[in-house]
Amino acid sequence: MLRELKRKLEQYIHTIERSQRETAVDLTRYELRELENIFVLLTIGSFIGLPAPPCAVSMELLPYLGHELEILNKRASESSDALAELMGSLDID
Amino acid sequence: MKSIFFTGKGGTGKSTLSASAALQISERGKKVLLVSFDPAHNLGDIFHLELGHKKYSYTSNLYLQETDLEEAAREYLHSHLALLNEAYSYMKAFNLEKYFQVFQYSPGVEEYAALICLEKILNRENAFDFIVFDTPPTGLTLRILALPAITCAWLQHLIGLRRDILKKRYTIHNITGKYDPEGVELVYREDQDRVMQKILEMQQRYERVKRWLEGGDNMIAVVLNPDFLSLRESRRLMDGLQDLALKPAAALHNKVDPANLQAADEIEQALLGPDFALKLQRVYSTDLQAGQSCLVRRDLSQIFL
């Protein structure tokens, strides 16, 4: 009985701790996504009409930007609701 | 190893003077490679030879090479398309790679191909005492010479941004672990981040070319004629070079003859204003060697030796 209680308590503390950690990094994750999005916009932004770096910079980096391209794509699809996402990240209802 | 770029307006005599200077320097015991970047490719005509893209040994001290910028651009694109195909392998399944062939018509590719050729020559041709470049007309040459500095400025900015990204990843890694919620590994170390590694490698390459262009072993000779258009373009060229922190070492005033002597005096006065202190050498129309030769007799080597 006591052992079961101890296990449940540990599980509870672990969940709380994990929840605290997730809350702590939410904003950092949001910032990271934005930075990665800016990075890919700067390197291959000519595809959407932004001033581009010298073409070799875009060309030579393109093969390594798979992850950033996915973020760019995701950000583009969420762009109509960016404010809501920011408010969510800042925990503002 | 020293280098000399012969620049100037089209038709002023860059090929003739660069070939003459290269031959004269080689005759003074220096080992010289003369490279033409000019799409017009007159080197073969000057030396009465059929030149390819490989080095041709004209004498034991003088080697000639014509660089085909279009071919270099195709090679450059081919190597990167291969890498793209490897990274985005699904393209192969749908035969999409052929659509990327259009990249060869992109603005800026020719300049980059020239820069890559320049880089290759600098890295490989250490056995020569002098490398003499016959360049395309002013606009393209300025764009080629500007590329290392512009690229380095972009790369410096991208490095700062990438470091911020890696710092954020490190923070998240420390709090929640190795993977993000989508299961993607959070690479936070510079030596493990392939994007950062590629940027640093590019920075190292372009910094080297930039330092070399700005260094004391590189000389730029401006070739002009005694006419107003040539003067205006030479001034623009010299201003452009100054903006790039590159100093012209000499002005070669070509095709001067008794009929335009007064114009030549006026142009030299106008060219050598208070901003520019450079060696000036006149080359007279009568300096052209007799017969079918396109080389000049006047000694140009003393300017560069």
Side-chain angles (χ1 to χ4, degrees), chain A residues 13-75 77-78 85-86 88-90, chain B residues 76-77 79-88 100 103 106-109 111-113 115-116 143 146-148 150-155 157-158 161-162 164-177 180-182 184-187 193-199 201-203 205-206:
Chain A
I13 291 168
H14 179 70
T15 310
I16 294 281
E17 188 206 354
R18 201 168 156 187
S19 158
Q20 292 291 337
R21 280 172 185 261
E22 287 298 321
T23 313
V25 293
D26 258 3
L27 196 59
T28 314
R29 269 201 198 114
Y30 180 81
E31 280 180 72
L32 175 63
R33 258 199 326 272
E34 286 306 304
L35 284 176
E36 286 177 323
N37 190 36
I38 290 168
F39 185 85
V40 77
L41 279 175
L42 280 178
T43 45
I44 57 163
S46 59
F47 292 170
I48 56 164
L50 288 176
C55 68
V57 175
S58 308
M59 288 272 301
E60 294 192 26
L61 287 179
L62 190 55
Y64 308 104
L65 292 175
H67 171 63
E68 282 81 357
L69 281 169
E70 278 175 23
I71 289 170
L72 177 73
N73 202 18
K74 203 168 162 223
R75 293 298 298 132
S77 66
E78 290 167 354
E85 199 195 347
L86 179 63
S89 298
L90 295 173
Chain B
Y76 168 68
L77 286 171
S79 63
H80 285 289
L81 287 176
L83 202 58
L84 269 180
N85 284 333
E86 203 180 294
Y88 301 100
F100 285 97
F103 273 145
S106 302
V109 168
E111 287 91 321
Y112 253 97
L115 185 61
I116 301 242
R143 287 202 299 276
L147 266 182
I150 293 171
T151 309
C152 285
W154 266 93
L155 291 172
H157 187 82
L158 290 179
L161 180 53
R162 197 73 197 168
D164 287 344
I165 289 174
L166 297 181
K167 268 187 217 161
K168 298 272 176 221
R169 284 186 184 171
Y170 180 64
T171 308
I172 298 170
H173 175 275
N174 275 350
I175 299 172
T176 63
D180 74 0
E182 279 91 36
V184 178
E185 189 182 343
L186 289 161
V187 179
D193 182 43
R194 290 200 304 167
V195 176
M196 188 58 142
Q197 286 304 302
K198 187 70 197 170
I199 300 174
E201 180 222 304
M202 287 167 80
Q203 189 196 35
R205 274 169 43 208
Y206 293 117

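Each chain gets a letter, A, B and so on, in the order the sequences are listed, and its residues count up from 1.
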Subject >> A:Glu36/B:Arg169 under salt bridge (Lys or Arg N to Asp or Glu O under 4.0 Å): CA gap, chis, key distance, verdict >> reply: CA-CA 11 Å; A:Glu36 286 177 323; B:Arg169 284 186 184 171; 2.6 Å; yes
**OP:** Apply the test side-chain contact (heavy atoms from CB on, under 4.5 Å) to residues A:Thr43 and B:Val195: give CA-CA distance (whole Å), side-chain angles for both, the deciding distance (0.1 Å), then the verdict.
**Re:** CA-CA 11 Å; A:Thr43 45; B:Val195 176; over 6 Å; no
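Put simply, of B:Ile172, B:Asp164, B:Ile116, the one with the most heavy-atom pairs under 4.5 Å next to chain A is B:Ile172. Contact count against chain B (heavy-atom pairs under 4.5 Å) is highest for A:Glu60 among A:Glu60, A:His67, A:Glu31.
The distance from atom CZ of B:Arg194 to atom OH of A:Tyr64, rounded to the nearest 0.5 Å, is 6.0 Å. Annotation: the span from A:Ile38 atom CD1 to B:Leu158 atom CG amounts to 12.0 Å, rounded to 0.5 Å.
Looking at B:Arg162 and A:Glu68, a side-chain N of the basic residue comes within less than 4.0 Å of a carboxylate O on the acidic one, giving a salt bridge. For the pair B:Lys168 and A:Glu34, the salt-bridge criterion is not met [side-chain N within less than 4.0 Å of a carboxylate O].
In this structure the side chain of A:Arg29 reaches within 4.5 angstrom of the side chain of B:Thr176, judged on heavy atoms. The shortest distance between side-chain heavy atoms of A:Val25 and B:Thr171 does not fall below 4.5 Å.
The side chain to side chain contact (heavy atoms under 4.5 Å, CB included) test applied to A:Pro54 returns A:Val57, B:Tyr112, B:Leu147, B:Ile150, B:Thr151, B:Trp154, not counting sequence neighbours. Listed by chain and number, the residues in a salt bridge (charged side-chain N to carboxylate O under 4.0 Å, His left out) with B:Arg143 are B:Glu111 (sequence neighbours excluded).
The part of B:Leu186 that comes within reach of chain A is its side chain, from C-beta onward, which places non-hydrogen atoms under 4.5 angstrom from that chain.
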